Amino acid sequence: MRSGNASYETTMNQISTAASSYALVDGNSFYCSCERIFRPDLQGRPIVVLSNNDGCIVARSREAKQLNIPMAAPYYSLRGLLRHHHVAVFSSNYALYGDISRRMMQVIGEFASEQQIYSIDECFLRLPSRQDARSHGLAIRRAVYQRVGIPTSVGIAPSKTLAKLANHIAKQQREFRGVFDWGSLDPNSATAWLQQTPLNAIWGIGRRLSEQLTRHGIQNARQLRDTDPNSLRRQFGVMIERVARELNGESSLDFEQTTPDKQQIISSRSFAHPTDNYNALAASLAYHSARAAEKLRAQHCVATMIGVSLRTNPNRLAEPQYRNYHCQALAQPDADTLILTGAALAALAQIYLPGYAYQKTGVILLGISPSERVQYDLFTPPPDPRRAKLMHTIDRLNQRHGQGTVRVATEALSQDWRMRQDHCSPCYTTRWDQLPSVG
DNA sequence: TCTGGGGTCCTAGGACCC
DNA sequence: TCTGGGGTCCTAGGACCC
């Protein structure tokens, strides 16, 4: 809507200067870029990073995308293609990516008073609406590249959903040099961009909702934006209503600066080789219980339940399939590795059946709350304070000397379940013995 | 013929995201 | 031989309470 009315324009300017806008900053092909920091010889060469267990492809460099290597494809099925194009292949190295992420987020955070870290490779900033949004975005990119070595893209817009879209445009259209400011578009151009945007390219709309909306005659972002939000709410629920408002430039999603405590903590992994060995399953669950308990203690919380799951390989349809899950309540809220491991093993005993080729196990911690808020049962003795100290000491030792320095004996029962990791790069920044050397 | 209404908590399942 | 792991939010339905 446009108007030549002077007082209307003044009002709108006041609103827009008072309003804030959002920037979404993310690392391009983040895992690949992390690997490239310490391997300048890989500049310009296609790179892929594999999921845990070297199962499938989870990150592709720009060069790899140009080779039409699909996301999430199983690695084994593309091995020939990757070799043929001399693609550099890496197992995922989360110690490295996590550390690079921390450094990147810190640099980006210097560019705004409010930052929401959304995932390992992206964050939102809240910025005052400004004329020079684009140059601000370019400054962020420059700083992150200089100080951390990661190339980024920046999308700026009046809502988070539009910032996501702007970021996507910044990545696709090279002429924008990695920064796209939605606010600089005139209304017709904005509408044209939305018209070109398919539903499943919108943040929060996946395959299922796309199909549902399409059946009701809504086929692109422009049509969704222009549908009455109240009728959307009735037909499709509040999620879609919010998306439509956001596409309209009406900020409708929370901006959370502090990372809230996790409500559930999962540790699970598939095995390099399937096994029906009870000790191997027990060892894997001891490992997962310890990892989950570490995360729980890191956020100063306790859990009331631990769930254990196991399954055979669902892709092997010819083999007998079995999957099960059992949730075990703890005597009282706890974060003690030994207690959690004991409960996990008790749960395993409930659901284990011999004779199946198990391929994956996992634990999940539930009923999580801050440890200082726990009310202990009148009839159960309070936990021994020395145990908390012991856990603290174990955490410090494992942090300083590497994961697994101190562990529960059950973990060592069997190595049968270990994952495959044939292409792992060194932990350049987090292990003294793996620092890069020069010369 | 007629059998309250409103609230909370929990769980399971669906959908989505990176 | 070989197909990831870790999360969130929403909704509906049941149990329970007053």
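We use all heavy atoms of the structure for the numbers below, so side chains are in, but hydrogens, waters and symmetry mates are not. No experiment lies behind these values; they were computed from the predicted model shown. Letters go in sequence order (proteins before strands), and every chain restarts at 1.
The main-chain N or O of A:Ser153 is found under 3.5 Å from a side-chain atom of A:Asn167 such that the two form a donor-acceptor pair. Judged by distance alone, the side chain of A:Arg245 and the main-chain N or O of A:Pro229 form no donor-acceptor pair under 3.5 Å. Of the possible donor and acceptor atoms, none in the side chain of A:Glu319 sits under 3.5 Å from a partner among the backbone N and O of A:Ala357.
Sorted by residue number, the members of residues 70-95 of chain A with any non-hydrogen atom under 4.0 Å from DNA chain C read A:Pro74, A:Tyr76. Taken residue by residue, residues 238-249 of chain A places heavy atoms nearer than 4.0 Å to DNA chain C at A:Val238, A:Met239, A:Arg242.
Residue A:Ser270 places none of its side-chain N or O atoms closer than 4.0 Å to OP1 or OP2 of C:dT3. Between A:Arg420 and C:dG4 there is no side-chain polar atom (N or O) within less than 4.0 angstrom of OP1 or OP2. At least one side-chain nitrogen or oxygen of A:Lys360 sits closer than 4.0 Å to the OP1 or OP2 atom of C:dG5.
When heavy atoms are screened at a 4.0 angstrom cut-off, A:Glu122 is found touching the sugar-phosphate backbone but no base atom. The residue A:Leu50 sits apart from the nucleic acid: no heavy atom pair falls under 4.0 Å. A:Asp121 comes within 4.0 angstrom of sugar-phosphate atoms only, judged by non-hydrogen atoms across all strands, and of no base. Heavy atoms of A:Asn53 sit nowhere under 4.0 angstrom from any nucleic acid atom. Residue A:Gln359 is in sugar-phosphate contact alone, with no base atom involved, counting any heavy-atom pair closer than 4.0 Å across all strands shown. Within the nucleic acid shown, A:Ile205 comes within 4.0 Å of sugar-phosphate atoms alone, with no base atom in reach, counting heavy atoms only.
Note: CD1 (A:Ile57) to C1' (B:dC18) measures 17 Å, nearest angstrom. Look at CD on A:Gln421: it is 23 Å from P on C:dT1, rounded to the nearest Å. A straight line from CG of A:Asn315 to P of C:dG4 spans 7 Å, rounded to a whole angstrom. Atoms NE2 (A:His288) and C1' (C:dG4) sit 12 Å apart, rounded to a whole Å. Rounded to an integer number of Å, the gap from A:Lys160 NZ to B:dC18 C1' is 14 Å. The OH atom of A:Tyr97 sits 17 Å away from the P atom of C:dG4 (whole-angstrom rounding). Rounded to whole Å, atom C1' of C:dT3 lies 13 Å from atom CG of A:Asn52. A:Asn200 has its CG atom 14 Å from the C1' atom of B:dC17, to the nearest Å.
Taking every side-chain heavy atom of A:Asn313 into account, C:dT3 is the closest of B:dA15, C:dG5, C:dT3. For A:Val58, whose side chain is taken as the heavy atoms from C-beta onward, the closest listed nucleotide among B:dC18, C:dG4, C:dG6 is C:dG4. Closest approach to the A:Leu209 side chain among B:dC17, C:dG4, B:dC16 is made by B:dC16 (side chain taken as heavy atoms from C-beta onward).
For the pair A:Lys262 and A:Asp54, nearest-nucleotide mapping onto DNA chain C gives the more 5' position to A:Asp54. With DNA chain C read from its 5' end, the first of the two nearest nucleotides for A:Gln263 and A:Cys56 is the one closest to A:Cys56.
Looking at A:Gln173 and A:Phe180, their side chains never come closer than 4.5 Å, going by heavy atoms from C-beta outward. A 4.5 Å side-chain heavy-atom check between A:Leu194 and A:Asn220 finds every atom pair outside the cut-off. In this structure, the side chains of A:Arg297 and A:Thr337 come closer than 4.5 Å at one or more pairs of heavy atoms. Within the 4.5 Å cutoff, the side chain of A:Ile265 has no heavy atoms near those of the A:Arg291 side chain. Looking only at side-chain heavy atoms (C-beta outward), A:Leu247 and A:Leu162 come within less than 4.5 Å of each other. For the pair A:Leu82/A:Ile69, a side-chain contact is recorded, criterion being any heavy-atom separation below 4.5 Å from C-beta on.
A ring-centre distance under 6.0 Å is found for A:Phe124 and A:Trp203.
Relative orientation of the A:Phe38 and A:Tyr428 rings is parallel, given thresholds of 30° and 60° on the angle between their planes. Using the six-membered ring where Trp is involved, A:Tyr352 and A:Tyr278 have ring planes that are perpendicular, over 60° apart on the 30 and 60° scheme.
Under the rule for a side-chain contact (heavy atoms from CB on, under 4.5 Å), the partners of A:Ala143 that lie at least two apart in sequence or sit in another chain are A:Val107, A:Phe111.
Of the P atoms belonging to B:dT3 and C:dC18, the separation is 25 Å, rounded to the nearest Å.
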How does protein reach along nucleotides 7-13 of chain B, written 5' to 3' as B (base within reach of a heavy atom under 4.0 Å), S (only sugar-phosphate), or - (no contact)? -------
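Sorted by first and then second residue, the pairs that involve residues 80-95 of chain A and meet side chain to side chain donor-acceptor pair (under 3.5 Å), not counting sequence neighbours, are A:Asp54-A:Ser91, A:Asn93-A:Ser425.
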Determine which bases of DNA chain B form Watson-Crick or G-U wobble pairs with both distances under 3.5 Å, and write the result as a 5' to 3' dot-bracket string with | for other-strand partners. ....||||||||||||||
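We find that A:Glu122 and A:Lys171 are not joined by a salt bridge, their nearest charged nitrogen and carboxylate oxygen being 4.0 Å or further apart. Using a 4.0 Å cut-off between charged side-chain N and carboxylate O, A:Arg147 and A:Glu110 make a salt bridge.
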